[in-house]
Amino acid sequence: MDIRIESPQFQTTRALSSYLKRRLQDHLAFGTERIREVEAHLSDVNGRRGGEDKRCRVIVRLNQAPEVVVESTDSDLYVAIRRAADRVGLAVKRSIGKRLRPRRRRDRPFFLQDDPGVLA
């Protein structure tokens, strides 16, 4: 799985990019055959003012499904990355699961177990 990292406001360190890639690979390993592309956008929202301003936005483009976008903001960029990776893993599982579940047909009558001839 190829993960593209974009951070136009600051230079990412090798440790930060490997942490981000490792977290995303761990959380998205179950669906690699359905994932077309993964982008991670890192930014500093408030600049020098401080506060909860480090943002990690993850975009996962899936095959034959809408893209999944998750965003997390924290004062620590590593925490924002961890939260975004956790959330995107759950969101992709949910999106893929919806595609795999067979649709329930509502036009069939429901029969009680005791007497198959009686409609409920």
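Bear in mind that the values here come from a model prediction, so they are computed numbers and not experimental data. Hydrogens, waters and symmetry mates play no part in the numbers below; they use all other heavy atoms, side chains included.
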Take I5 and K21, measure what side chain to side chain contact (heavy atoms under 4.5 Å, CB included) needs, and give me the verdict at the end. CA-CA 9 Å; I5 301 172; K21 287 180 180 180; 3.9 Å; yes
Between [atom1] on residue [X] and [atom2] on residue [Y], distance to nearest 0.5 Å:
| X | Y | atom1 | atom2 | value |
| --- | --- | --- | --- | --- |
| L24 | R82 | CG | CZ | 13.5 Å |
| R23 | S18 | CZ | OG | 12.0 Å |
| T12 | L20 | OG1 | CG | 9.0 Å |
| L62 | R36 | CG | CZ | 8.0 Å |
| D86 | S72 | CG | OG | 9.0 Å |
| R83 | D76 | CZ | CG | 9.5 Å |

Hey, are the side chains of L90 and V70 touching, using non-hydrogen atoms and a 4.5 Å cut-off? no
Side-chain contact test, heavy atoms from C-beta onward, threshold under 4.5 Å: evaluate it for E6 versus L42 and give yes or no. no
Tightest non-hydrogen contact, residues V58 and C56, listed as CG2-SG, 3.9 Å
Pairing residues for R55 by the salt bridge (charged side-chain N to carboxylate O under 4.0 Å, His left out) criterion, not counting sequence neighbours: E71
List in chain and number order the residues that pass salt bridge (charged side-chain N to carboxylate O under 4.0 Å, His left out) with E67, two or more places apart in sequence or in another chain; answer none if no residue qualifies. R61
Evaluation steps, side chain to side chain contact (heavy atoms under 4.5 Å, CB included), between Y78 and K54: CA-CA 9 Å; Y78 285 91; K54 308 295 189 286; over 6 Å; no
